[in-house]
Amino acid sequence: MSKTQMTGARMVVQALKDQGVEVVFGYPGGAVLPIYDEIFQQNQIRHVLARHEQGAVHAAEGYARSTGKPGVCLVTSGPGATNAVTGLTDALMDSIPIVVLTGQVPTFMIGNDAFQEADTVGITRPCTKHNWLVRETDKLADTIHQAFHVAMKGRPGPVLVDIPKDVQFANGTYVAPKSAKVSHYQPQVKGDIETITALVELMETAKRPLFYTGGGVINSGPAASTLLRELVEATGFPITSTLMGLGAYPASGDKWLGMLGMHGLYEANLAMHDCDLMINIGARFDDRITGRVQDFSPGSIKAHVDIDPSSINKIIRVELPIIGDVGHVLEDMLRLWKSRGRKTDNASVKRWWRQIEEWRAVDCLAFKQEGPVIKPQYALARLEALTKDHPSRYICTEVGQHQMWAAQYLNFDDPNRWMTSGGLGTMGYGFPASIGVQMAHPDALVINVAGEASWLMNMQEMGTAMQYRLPVKQFILNNERLGMVRQWQELLHGERYSESWSESLPDFVKLAEAFGAKGILCSDPTELDDAIMEMLNHEGPVIFDCLVAKHENCYPMIPSGEPHNKMLLGDASTKDAIGTKGAVMV
Amino acid sequence: MSPLKIKKGSSSHSAYDLRDPHAEEIERHTLAVVVDNEAGVLARVVGLFSGRGYNIESLTVAEIDHTGHRSRITIVTTGTPSVIEQIKAQLGRIVPVHEVHDLTVEGPSVERELGLFKVAGTGDKRVEALRLADIFRVNVVDSTLESFVFEITGTPEKIDAFAELMRPLGLLEVARTGVAALSRGDASK
Ligand SMILES: Cc1ncc(C[n+]2csc(CCOP(=O)(O)OP(=O)(O)O)c2C)c(N)n1
Ligand SMILES: [Mg+2]
């Protein structure tokens, strides 16, 4: 099968097979009909018909994030491609490897404003890691193999291959992945050993060290998580993580401080502010993490391990930049640290832990469930209690307060179990992502923690869930508000709640039933456990409409434009907390 | 490298300064970027500059290796040292980019630009234009009884200076290529 003649359309399917693709999420249309014809005539690759191209791309993201394999999408030209743009941007921001194949009008019509023509490579150039327009069938297979290579190598990301219809029909020579051109794109994976040694030396003498880890650990693969755990246990240093990195180090581990950042835990943020050695592994000093950069962790020496050189010194200047793959660098760190005698400044690190314990005692996530209304925190605490022992639980989220509460109240002990839209903050991500996850893990428990407003953004995917019998659980924390927007309006815009209501909501139970799924409504805290169990015990998809308190705010919160040690813990401390400067920031 | 010698803010790779970023001075750098000459590669580079708000003072591009399909893009840009570092790192991320060289910091380099100037006039002004052109060692590539087209090669500063001189002498139109640059000596960059 290394060099055979076939049509472009067949080549696409052959290339996907040779890349080990098992599932394609897509939506047909005129410009991809030849490829759909080939999909029809084979049984190896499963095609999942989404109900909107945005859903297809988020599903591919969920698939990728939960498996470590690239997610694949197939959509038509014009509107199919433009509908994919949000998903591509989302994947770019969160470094998710996906390969999107788009149909295009025939080469001889390109530029003529043909029916369903769009400048797809032009539109998607800034929202892909790389993209290609393939003008010759002979180059098609090679390009698809390159696309997989680029999506996976280095910092992962979305790629797109635009395939005109005449290229799909024409015959050409197929090349298998092994015979494809070797790409010059080979990012450096080994870190500079001198700098790693310098870091290890600093770890030996640090008095207030801290690991600050991110999505890069997950992207590097399970081995990186294992190495991280070993290093943390061996050194006894505290560890915090970004939203994207949850699960790399287990939440049940005793070195775990919880998530950091704008809605991160008190102890995690204060540890960031006060540490003397910050070891950033696969995180990118995002503005949700740093707060005001001028005041960011003023007393620390910072090391930054990242496979993307442009992440280093972009926002925060670091003394020890280490460009390389997290797994490789962790391996070197661990080896060096062991061979040098496994030293740390034990007494100082102990004192550091005592300080951290004091912060921890503040118990920043404490809440009181009282009265007849379910608090969103309580709903998640109960969901956690009732599902944490499930052997394979996967959590997706939408975007808003519920997302932050999910990050705070659900615990992740393994990587690849947490799918959320971090960088782009895409409402409508979670439901389709849960479909992608369930496709990859048919027997797993897949829950999407949703806000009612976000969930409606891609609710058409109920059809997909039903058609493929994907028992995804949609756990909607329904506050009848665009809660996160409302919170900001309360804190920043004089409590003028402009357009932040969810009006005219559907009856979610009836909506579920209209699709043939199960709907559950719960508004009574005393019935919550039973209702959750009913959801878990149901074999098919469930929409769980959990009516929660409408005006609950999400804390802790570092107001925009403030440093870590100016965190708000609860309603009492929030009045006029955010200055006019902070109000400008998002 | 000893850890004890690592002072805060001591990294040679530093691009961000924890002190007031506005205190950093704006610098002008000439970058040479070797790319695969494939469709859209220039759009990627230009899109990077516009998308991330970087400046382009001049940009030239042409294929330099017809068999290997490599092009060389020469970009003159301005920014604080941290921004310049970011620009280089971001350029390096573009998949068809093979090499990024900062000719301003990598050693001595030569820069040349070509300009075409159409100058119209008669009498003294025409004579003066021709005399200055001679001093600048400028070629006359077209002439009529009322006009010249001058061709000048040199540093951008020299071309600027020539333009200033021609302005009062009947300068009608200017076309400039932008900068092409190479490092000096036998090293290949
Ligand atoms: C596509 C998109 N549009 C707008 C926003 C801005 N936004 C962020 S959170 C939010 C409200 C989300 O409401 P809901 O899903 O009900 O979650 P809640 O905050 O109430 O938990 C909005 C509108 C966004 N993140 N994404
Ligand atoms: Mg809501």
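What you see is a predicted model, and the numbers here were worked out from it, not measured in a lab. Throughout, protein chains are lettered first and strands after them, A, B, ... in sequence-line order, and every chain is numbered starting at 1.
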Residues of residues 303-311 of chain A near chain B, each having a heavy atom less than 4.5 Å away: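 Near chain B, by residue number: A:D308, A:P309, A:S310.
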
Residue A:R135 versus chain B: region with a heavy atom under 4.5 Å: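 The answer is neither part of A:R135.
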
Sequence neighbours left out, what pairs pass ring pair (Phe, Tyr, Trp, His ring centres under 6.0 Å) with at least one residue falling in residues 105-148 of chain B?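 Passing the test, one end in residues 105-148 of chain B: B:F117-B:F162, B:F136-B:F162, B:F148-B:F150.
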
Under a 3.5 Å distance rule, please check whether A:Q188 uses its side chain to pair with a backbone N or O of A:I323 as donor and acceptor.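 Such a contact is found between A:Q188 side chain and A:I323 backbone.
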
Donor-acceptor pair, side chain of A:E117 and main chain of A:V105, under 3.5 angstrom: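 Here the side-chain-to-backbone pair does not exist.
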
To the nearest 0.5 Å, what is the distance between CG (B:L145) and CZ (B:R126)?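 One gets 6.5 Å once the value is rounded to the nearest 0.5 Å.
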
Taking the six-membered ring for Trp, are A:F296 and A:F285 parallel (under 30°), tilted (30 to 60°) or perpendicular (over 60°)?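 The rings of A:F296 and A:F285 stand perpendicular, inter-plane angle above 60°.
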
Could you walk me through whether B:H98 and B:D36 satisfy the side-chain hydrogen bond (donor to acceptor under 3.5 Å, both in side chains) test, starting with their C-alpha distance in whole Å, then the side-chain angles of each, then the deciding distance to 0.1 Å, before giving a yes or no? CA-CA 7 Å; B:H98 289 254; B:D36 286 324; 2.7 Å; yes

Could you walk me through whether B:F49 and B:T77 pass the side-chain contact (heavy atoms from CB on, under 4.5 Å) test, one step at a time? CA-CA 10 Å; B:F49 277 75; B:T77 183; 3.8 Å; yes

Chain A contact via B:A43 - which portion, at a heavy-atom distance below 4.5 Å: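 Both backbone and side chain.
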
